[in-house]
Amino acid sequence: MKYAPMIFNWSLLVSSKKPSDEEVAYVDDKARHYSEIGPERLPSLSPSAKEHQDIKSLDEALLKIKDLERRLKDIEFRIPKKYPEVTGGAGFVGSHLVDRLMMEGHEVIVVDNFFTGRKRNVEHWIGHENFELIHHDIVNPLYIEVDQIYHLASPASPPHYMYNPVKTIKTNTVGTINMLGQIWNQELFSVACSEEVKSERCLPTAREGNDQAGFTFVSKMNQEP
Ligand SMILES: O=c1ccn([C@@H]2O[C@H](COP(=O)(O)OP(=O)(O)O[C@H]3OC[C@@H](O)[C@H](O)[C@H]3O)[C@@H](O)[C@H]2O)c(=O)[nH]1
């Protein structure tokens, strides 16, 4: 790409055009005006009494805002926050649940081995002080303190749960036992299951009306706490 050379035309500064009589008269008039009133009569730049008053009330307003912010923080602290853990929180259903919990102001921990889940499903929360993402396979124990668990970590669709059936059964049994071990009150433990699994503890997520549904059904049935 070619650039046009920048030429500064000095002749523009030395205009040949003479000021008109009107322009000269204006400049004369201004010069006379300011020589008459003198510098002391120029408008003062220091604040007037009224402006002083305004600044004072501005300070007071800022103090009030600070006080209100502090009281708001106090109130926020009194609202019971939950510390829920979402296993499989990087998956389709899990990430929507995470959004909901985060929007409600809870401190959310996501545990996922990214078998089918994706970081991008929760990336908008990464860096948020209430959010933590742990790359972990629930088949191995995990020792963290939470006060509620939404257990969604499981291969969800036939190609995924049939990919390694033994591992699927391990995830849904050993994995679930591991997650249960994290929480003292099992009433605060919810499992996501498809509609075939009839249990009050289940959060129904999908209808798995296919030949292999029985496999995931049996596997998930073992999850029931
Ligand atoms: O061993 C595993 C398997 C899977 N996962 C995770 O579990 C999540 C499953 O989410 P997917 O997007 O694949 O599937 P869905 O969100 O549709 O499944 C959801 O509804 C159906 C239920 O049976 C599933 O338990 C629930 O997660 C993924 O993030 C996956 O990485 C684990 O963390 N560990």
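Fair warning: this is a prediction, and the values are worked out from it, not measured in the lab. Order of appearance sets the numbers: ligands from 1, and atoms from 1 within every ligand.
Ring centroid separation for the pair Tyr83 and His106 does not come in under the 6.0 Å cut-off.
Considering backbone and side-chain atoms together, Gly117 places an N or O closer than 3.5 Å to an N or O of ligand 1. Considering backbone and side-chain N/O of Ala153, none are found under 3.5 Å from N/O of ligand 1. In terms of polar-atom proximity, Phe115 is counted as a contact of ligand 1, with an N or O under 3.5 Å from an N or O of the ligand. For ligand 1, one of its N or O atoms has an N or O atom of Gly91 under 3.5 Å away.
Contacts between Phe92 and ligand 1, counted as non-hydrogen atom pairs separated by less than 4.0 Å, involve both the backbone and the side chain. Contact annotation for Lys167 and ligand 1: only side-chain heavy atoms (C-beta onward) come within less than 4.0 Å of the ligand.
Side-chain contact, His124 with Asp99: a donor N or O sits under 3.5 Å from an acceptor N or O.
Relative ring orientation between Phe114 and His135 is described as perpendicular, the plane-to-plane angle rising above 60° on a 0-90° scale split at 30° and 60°. Using cut-offs of 30° and 60° on the angle between ring planes, the pair His151 and Phe189 is tilted.
The closest non-hydrogen atom to atom 29 (O) of ligand 1, taken over Leu152, Asp112, Val111, Thr87, comes from Asp112. Which of Asn121, Val110, Asp137, Asn113 comes nearest to atom 5 (N) of ligand 1 through a heavy atom is settled by distance: it is Asn113. Checking Val191, Asn164, Val93, Thr116 against atom 16 (O) of ligand 1, the nearest heavy atom belongs to Val93.
By the 6.0 Å contact criterion, NZ on Lys170 is open, its count of non-hydrogen atoms from other residues, nucleotides or ligands being 12 or less.
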